[in-house]
Amino acid sequence: MLLRHSLFLCLGLLLLAAPASAQQRGNDEARTSPNASVSQTIGTTVATVGYSRPSVRDREIFGDLVPYDAVWRTGANEATTITFSGDVTVEGQPLSAGTYGLFTIPGEDEWTVIFNEMSEQWGAGDYDMSRDALRVTVEASEADDTEMMTFSFEEVGESMGKLVLRWDETAVALTIGAGQ
């Protein structure tokens, strides 16, 4: 009897130890657009971006693969997420602490960056504009060729930093302010 209980306990522990991400993805195979994350403390607030990194692979990206003037998940696979451990400002506009789906509407010269309350979804298929917490418009600029989409934090100071998206020959920067 004790052996049977020990066996069930061991099986239960093995199931609990299984990686949750494999269940969320549906399989554990390598992805063409691998997952990545980047975090930065600004003031006393931690900002974390979780995303999948598509590659250019000799494709026309903006205006073709990623259409202009349409909502984009800002990456591949699941929607990109951004988490703030404290309240912030984005381009001077207030945004409460929390986790958001990070969507964009690319344009040739300007992009709309969207922080949506639905952070867990595949792509942008279930995107609901009524759940937007904040929208800001920023300029897009030409940049050195970047094969694999990348987010980075730059020009980080005591209470402000820039979150920069680079892919292909485009860069988009957001100014994030955080309390101390």
message = Please determine whether ring-ring contact (aromatic ring centres under 6.0 Å, His included) holds for the pair Trp111 and Phe103, giving the CA-CA distance in whole Å, both sets of side-chain angles, and the decisive distance to 0.1 Å.
response = CA-CA 10 Å; Trp111 284 34; Phe103 297 92; over 10 Å; no

request  = State the CD1-OG1 distance between Ile114 and Thr137, to the nearest 0.5 angstrom.
outcome  = 9.5 Å

Let me check something: any side-chain donor-acceptor pairs from residues 49-56 under 3.5 Å, sequence neighbours excluded? List them with distances.
unit_1, atom_1, unit_2, atom_2, d
Tyr51, OH, Phe151, N, 3.2
Ser52, OG, Asn35, OD1, 2.9
Ser52, OG, Ala76, O, 3.3
Ser52, OG, Asn77, ND2, 3.2
Arg53, NE, Met149, O, 2.8
Arg53, NH2, Thr150, OG1, 2.8

ask   = Going by heavy atoms in the side chains, are Thr112 and Val136 under 4.5 Å from each other?
value = no

query = In the single-linkage hydrophobic clustering (I, L, V, M, F, W, Y; side-chain heavy atoms under 4.5 Å), do Val156 and Val164 co-cluster?
reply = no

query = Just by distance, do the side chain of Glu155 and the backbone of Lys162 share a donor-acceptor pair under 3.5 Å?
reply = no

request  = Evaluate the side-chain proximity of Val88 to Thr45: yes if any heavy-atom separation is below 4.5 Å, no if none is.
outcome  = yes

Whether Tyr100 and Phe84 hold their rings parallel, tilted or perpendicular, with breakpoints at 30° and 60° = tilted

key: Glu60 side chain near Leu65 side chain, heavy-atom distance below 4.5 Å   = no

ask   = Roughly how far, to the nearest 0.5 Å, is CG of Asp69 from CD of Glu110?
value = 11.0 Å

Sidechain-backbone polar pair: Thr80 side chain, Thr74 backbone, donor-acceptor under 3.5 Å = yes

request  = Determine the minimum heavy-atom distance between Arg73 and Glu78, stating which atoms define it.
outcome  = CD-O, 4.2 Å

task = Determine, using the 4.5 Å side-chain heavy-atom cutoff (strictly less than), whether Tyr68 and Trp167 are members of one ILVMFWY cluster.
result = yes

ask   = Does the side chain of Met129 come within less than 4.5 Å of Asn116's, by heavy atoms?
value = no

ask   = Between the main-chain N or O of Leu134 and the side-chain N or O of Asp132, is there a donor-acceptor pair closer than 3.5 Å?
value = no

ask   = Does any N or O in the side chain of Ser85 come within less than 3.5 Å of the main-chain N or O of Val46, such that one atom is a donor and the other an acceptor?
value = yes

message = For a quick test of reading the model, state the closest non-hydrogen atom pair linking Ile42 to Gly161 and the distance between them.
response = CG2-N, 4.1 Å

query = Do Met160 and Leu163 sit in the same hydrophobic cluster, where Ile, Leu, Val, Met, Phe, Trp and Tyr count as joined when their side-chain heavy atoms come under 4.5 Å apart?
reply = no

ask   = Going from CG on Leu95 to CD on Glu91, what distance comes out if it is rounded to the nearest 0.5 angstrom?
value = 12.5 Å

ask   = How about Val138 and Val113: do any of their side-chain heavy atoms sit closer than 4.5 Å?
value = yes

task = Begin from the C-alpha positions of Glu147 and Arg166 and carry the test salt bridge (Lys or Arg N to Asp or Glu O under 4.0 Å) through to its verdict.
result = CA-CA 9 Å; Glu147 174 65 24; Arg166 284 189 174 78; over 6 Å; no

Enclosure of Glu142 CD (heavy-atom neighbours >12, cutoff 6.0 Å) = no

Asp145, CG: over 12 other non-hydrogen atoms inside 6.0 angstrom = yes

Distance-only donor-acceptor check, side chains Ser130 and Asp128, under 3.5 Å = yes

inquiry  = I want to check something: taking the side chain as every heavy atom from C-beta on, are Ile82 and Phe115 in contact at a cut-off of under 4.5 Å?
reply    = yes

ask   = Out of curiosity, does Phe153 fall in the hydrophobic cluster containing Met148 (side-chain heavy atoms, cut-off under 4.5 Å, transitive links)?
value = no

